[in-house]
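Notes follow the structure.
Only a predicted model underlies this, so the values are computations on that prediction, with no experimental measurement involved.
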Number of protein chains: 2
Amino acid sequence: MSIIPKLSFKNQAFKLREHAILDAATAVLSSKGYDLMTMDDVAGAVGISKPSLYKHFKSKEELVGEALIRLLDGALEYVAALDPGLGPVDKLSALLEWALRVRLDGGLPFLPSTSPHVREMLIRNVKYMLRVVKLNRQLEGMVKQAQQQGLLDRELPTDVILFSYYARTCDPAVEYLQKYSKMADEDIVRHMLKVAFDGFR
Amino acid sequence: MSIIPKLSFKNQAFKLREHAILDAATAVLSSKGYDLMTMDDVAGAVGISKPSLYKHFKSKEELVGEALIRLLDGALEYVAALDPGLGPVDKLSALLEWALRVRLDGGLPFLPSTSPHVREMLIRNVKYMLRVVKLNRQLEGMVKQAQQQGLLDRELPTDVILFSYYARTCDPAVEYLQKYSKMADEDIVRHMLKVAFDGFR
DNA sequence: GTCTATACCCGGATAGAC
DNA sequence: GTCTATCCGGGTATAGAC
């Protein structure tokens, strides 16, 4: 887009720093959550001062919004890159596996729906909601298709499956297993997928 | 315990007020969460002033701790009152149903494990942890028994089932269904139980 | 663009009158 | 025991020097 190469360098460095800030924000968010995350935490983790932070993101809400947008973009990319030959259930399973691995790796659960504060903030974020709607449309399509093919329970309303699916991507059992059982990440993912699709029985 | 009746009246009124405060705290907590709940909110909801609140509970942490202890006591009572003739899976199902109904009724999810802040605070709360350990022991017993009888998946580690069970008691899908689908509470409970025990398939 | 220093606000907790 | 008024810490955001 830019036709002046001189600006490219600056922009490049700027983008790099922005990336580092988002990484730091992601790490702090995943350990302390939104309300307890302070801008000092993020600035400290990046190794810059707070005012410099505000040169990149004009508020805490914007910073967190961008971090979550990046996460959703990752999910959208992952879905787009899936083998089109896969069945709907395999796709849903693969994406859930991806989301669980991201979290086990210190990343964020998407849809940090738990905090009313955060939820309200994100709903006001048009850029974020755009991604949510797009991802939701694709997932809803997969669920409906799977139900028609009899691969997912036809008795259950699509909403129930879809919302429960989202809930599994941020299931707190993951953290508990990671913390209190000595289970390998591989096994946690495997078990969580099993429980999600087949239940406890 | 008290041998002076004169004090009984005062104590009775005191207990009543305390009950009202805990009700208010529960309501505010369930709608705003811990971090966004202010002592002004609670005082306002009860109709008393903030200093009066502090006559009953010496800090925000203590207030919230007591509200959650009351909740756990409710769960423990419910479990104790269950027909001993019921099988372990029926008991687990009944308790999960109870927990979901409490939430749909404006109550709290037990184990608000989501917020690291709250979790840390509760772990320091001996009175609270006592209840958690007691309840956990009973639930773990039920899960193991059910696995031995082949009523719950033997392949899954007990921890996985137990933590996932806790996660279902605070599954955010409940709120989403209540808010975005026009489903009756009865149906939400029924579907959530089905998904928990039998999965999406 | 980066820092130091600061304005400003809000929420937890308390002093002191009644 | 209840209220009004206030303290104080900490967190967001910014002013202004370099």
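- One atom, CD of B:Glu18, and another, P of D:dG1, lie 11 Å apart when rounded to the nearest Å.
- With sequence neighbours left out, A:His117 forms a ring pair (Phe, Tyr, Trp, His ring centres under 6.0 Å) with A:Tyr34.
- Note on B:Asp41 versus B:Lys50: no salt bridge recorded, every NZ/NE/NH1/NH2 to OD/OE distance being 4.0 Å or above.
- A salt bridge links B:Arg103 to B:Glu175: at least one charged side-chain nitrogen sits closer than 4.0 Å to a carboxylate oxygen.
- If you take CD1 of B:Ile21 and P of D:dG1, they are 12 Å apart, rounded to a whole angstrom.
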Ignoring hydrogens and angles, write down the donor-acceptor pairs under 3.5 Å from the side chains of residues 71-78 of chain B, residues two or more places apart or on other chains.
unit_1: B:Asp73; atom_1: OD1; unit_2: B:Arg131; atom_2: NE; d: 2.9
unit_1: B:Asp73; atom_1: OD2; unit_2: B:Arg131; atom_2: NH2; d: 3.4

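- Distance, A:Tyr54 OH to C:dA5 P: 19 Å, rounded to whole Å.
- B:Phe57 pairs by the ring pair (Phe, Tyr, Trp, His ring centres under 6.0 Å) definition with nothing, not counting sequence neighbours.
- With respect to the salt-bridge test (charged N to carboxylate O, under 4.0 angstrom), the residues A:Arg101 and A:Asp185 do not qualify.
- The nearest whole Å value for the distance from the NE2 atom in A:His56 to the C1' atom in D:dT12 is 18 Å.
- End-to-end axis angle for the helix from C:dG1-D:dC18 to C:dC18-D:dG1, using five pairs per end and rounding to 10°, comes out at 20°.
- Between B:Val195 and A:Val160 the shortest side-chain heavy-atom distance falls below 4.5 Å.
- Atom pair A:Leu53:CG and D:dT14:C1' shows a separation of 13 Å (rounding to whole Å applied).
- Residue B:Ser52 places none of its side-chain N or O atoms closer than 4.0 Å to OP1 or OP2 of D:dG1.
- Spacing between atom CD of A:Glu62 and atom C1' of D:dA13 amounts to 13 Å, rounded to whole angstrom units.
- By the 4.0 Å N-to-carboxylate-O rule, A:Lys91 lies too far from A:Asp83 to be salt-bridged with it.
- Annotation: ring pair (Phe, Tyr, Trp, His ring centres under 6.0 Å) contacts of B:Phe200 (sequence neighbours excluded): A:Phe197.
- Looking at the side chain of A:Arg17, the nearest of the listed nucleotides C:dG1, C:dA13, D:dT2 is C:dG1.
- Listed by residue number, B:Ile48, B:Ser49, B:Pro51 are the residues of residues 28-51 of chain B with a heavy-atom contact under 4.0 Å to DNA chain D.
- In this structure, A:Lys60 reaches the sugar-phosphate backbone alone: every heavy-atom distance under 4.0 Å involves primed, P, OP1 or OP2 atoms, never a base.
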